[in-house]
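The structure appears right after this line, and notes come after that.
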There are 2 protein chains.
Amino acid sequence: MKKKKKNENSSKIFEYHDHGACFGDAITQIEDYFIQKKLQLTPLRRKVFEILIEDHKPLGAYDILDKLGEAGFSSSPPIAYRVLDFLIEHGFVHKVQGLNAFIACSNPKHSHFPTFVICRKCEKVAEVSEEKSGLNLPSPRITNFKIEKTTIELTGICSTCENAEIR
Amino acid sequence: MKKKKKNENSSKIFEYHDHGACFGDAITQIEDYFIQKKLQLTPLRRKVFEILIEDHKPLGAYDILDKLGEAGFSSSPPIAYRVLDFLIEHGFVHKVQGLNAFIACSNPKHSHFPTFVICRKCEKVAEVSEEKSGLNLPSPRITNFKIEKTTIELTGICSTCENAEIR
DNA sequence: GTTGATGTGTTATGTTATAACATGTAATGA
DNA sequence: TCATTACATGTTATAACATAACACATCAAC
Ligand SMILES: [Zn+2]
Ligand SMILES: [Zn+2]
Ligand SMILES: [Zn+2]
Ligand SMILES: [Zn+2]
């Protein structure tokens with residue numbers, strides 16, 4: 001986190017971020033969390049998380065399985081699904097329903113109801129936190145219902161792709 | 001539905017509605033729309049919509065296929081998926097991503113970004129319109145992105161089920 | 001009467017996810 | 001010490017969801 005400019009507040013949710021730092025932070029965070037919660041960050045679990053944080057984009061379960069195979073782990077479906085469920089449960093991974101894919105959380109520290117913004121053209125996906133999305137959740141008018149989990153996905157086209165679109 | 005007590009005024013999004021009327025209205029609406037748009041409301045399309053509006057709950061594509069089969073239509077997968085895509089495109093059906101299921105729209109007149117409220121216990125699903133959900137969408141802070149489609153699903157437990165839950 | 005658009009049918013296959021059961025390992029604690 | 005338990009991983013098989021590709025019929029337009 002170095003450069004802070006004026007247009008920071010604007011909506012460049014797909015813009016460059018320092019993924020080197022992001023990657024390192026993410027690994028540190030998951031390690032700390034697992035220690036603190038007395039959970040086992042096994043080689044398999046670590047590998048799955050690394051695969052997801054590596055490019056930091058959504059991957060299908062079978063893509064992950066392939067990479068697990070390459071890395072010498074078993075690559076039968078339950079392996080991936082179980083670990084993914086576990087990582088989701090602990091907030092380090094989210095499922096992007098619209099893509100049947102899994103993505104490393106961009107900010108596990110937040111206890112969040114994340115919003116995913118998905119460009120249908122370049123297929124970039126951004127996770128936007130509750131506050132930033134301006135999407136004020138648990139509606140006062142749905143009080144008779146206890147929200148446990150949300151799926152909020154906004155699909156469309158990012159400005160870059162829109163500008164590039166043929167007319 | 002007999003007992004009406006105090007807690008009436010709260011958000012009874014799962015409450016009884018006059019589905020006889022709902023059903024009739026829905027059929028009329030789709031007929032009108034198809035005429036107006038010069039689309040063909042073929043027997044197959046009508047049947048699929050009727051199946052969905054009948055119980056007005058989410059059905060998987062293969063459930064629909066079974067019912068189509070019973071009604072004398074072909075029941076091979078593409079039949080259902082094609083018609084569902086068509087009905088979705090025209091706003092009469094939505095897909096509930098969290099359930100891999102399809103549900104008749106509760107108010108096709110609204111040009112909407114609907115919210116689905118899903119009880120994980122009784123599996124009831126309510127479609128809440130943009131305004132009612134209190135969920136004010138297209139955030140000013142995501143302006144650099146043109147939203148074309150939204151998936152908003154709130155999963156949790158309804159008050160009825162919560163009260164019935166073992167502790 | 002050929003062409004193109006549309007709607008349905010069929011076969012086969014692809015993709016995503018889970019059930020059920022087996023094995024290994026480590027901590028617990030009679 | 002040796003059951004008991006919890007947990008993590010592995011394996012096989014199958015379930016559930018979805019699409020590709022091609023065939024055929026109808027109908028309106030040219
Ligand atoms: Zn997140
Ligand atoms: Zn884009
Ligand atoms: Zn609707
Ligand atoms: Zn309920």
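Within every chain, numbering begins at 1; the chains are lettered A, B, ... in the order of the sequence lines, protein sequences first and strands thereafter. The structure presented is a predicted model; accordingly, all values stated were derived computationally and were not measured.
A straight line from CG of Asp63(A) to C1' of dT16(C) spans 11 Å, rounded to a whole angstrom. Across the protein-nucleic acid pair, Asp85(A) atom CG and dA8(D) atom P stand 13 Å apart, rounded to whole Å. Taking atom CG of Asp66(B) as the reference point, atom C1' of dA16(D) lies 12 Å away to the nearest angstrom. We find that CZ of Arg46(A) is positioned 15 Å from P of dA8(D), with the value rounded to whole Å. The interatomic distance linking Leu39(A) (CG) with dA26(C) (C1') rounds to 16 Å, in whole Å. We find that CG of Leu84(A) is positioned 15 Å from C1' of dT9(D), with the value rounded to whole Å. Per the geometry, CG belonging to Leu87(A) stands 11 Å off P belonging to dA8(D), to the nearest Å. Rounded to a whole Å, the CD1 atom of Ile64(A) is 10 Å from the P atom of dA17(C).
No donor-acceptor pair closer than 3.5 Å links the side chain of His56(A) to the backbone N or O of Ile103(A). No donor-acceptor pair under 3.5 Å is formed between the side chain of His94(A) and the backbone N or O of Thr151(A). In this structure, Gln97(B) contributes its side chain and Gly98(A) its backbone to no donor-acceptor pair below 3.5 Å. A distance-only check finds a donor-acceptor pair linking the side chain of His19(B) to the backbone of Ile53(B) [under 3.5 Å]. Formation of a donor-acceptor pair under 3.5 Å by the Asp63(A) side chain with backbone atoms of Leu59(A) is not found in this model. No donor-acceptor distance shorter than 3.5 angstrom exists from the side chain of Glu127(B) to the backbone of Phe116(B), with no hydrogens or angles considered.
Less than 6.0 angstrom separates the ring centroid of Tyr33(B) from the ring centroid of Phe92(B).
In terms of hydrophobic clustering, with Ile, Leu, Val, Met, Phe, Trp and Tyr side chains grouped at heavy-atom distances under 4.5 Å, Phe23(B) and Ile64(B) are assigned to a common cluster.
Near DNA chain C, meaning a heavy atom under 4.0 Å from it, residues 92-101 of chain A has Lys95(A), Asn100(A) in order of number.
Looking only at side-chain heavy atoms (C-beta outward), Pro43(A) and Phe73(A) come within less than 4.5 Å of each other. Leu99(A) is listed as a side-chain neighbour of Val125(A), based on a closest heavy-atom distance under 4.5 Å.
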**Request:** Evaluate the salt bridge (charged side-chain N to carboxylate O under 4.0 Å, His left out) criterion for residues Arg46(B) and Glu31(B): first the C-alpha distance (whole Å), next the side-chain angles of each, then the deciding distance (0.1 Å), finally the verdict.
**Result:** CA-CA 9 Å; Arg46(B) 175 185 282 269; Glu31(B) 284 172 346; 2.7 Å; yes
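No donor-acceptor contact under 3.5 Å links the side chain of Tyr62(B) to the base of dA15(D).
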**Item:** nucleotides 8-14 of chain C: protein proximity per nucleotide (B base, S sugar-phosphate only, - neither; heavy atom, under 4.0 Å)
**Value:** BBBB---
**Complete:** Counting primed atoms, P, OP1 and OP2 as sugar-phosphate and everything else as base, the B/S/- map of nucleotides 24-30 of chain D against protein heavy atoms under 4.0 Å is -------
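The shortest distance between the side-chain N/O atoms of Tyr81(B) and the OP1/OP2 oxygens of dA18(D) is below 4.0 Å.
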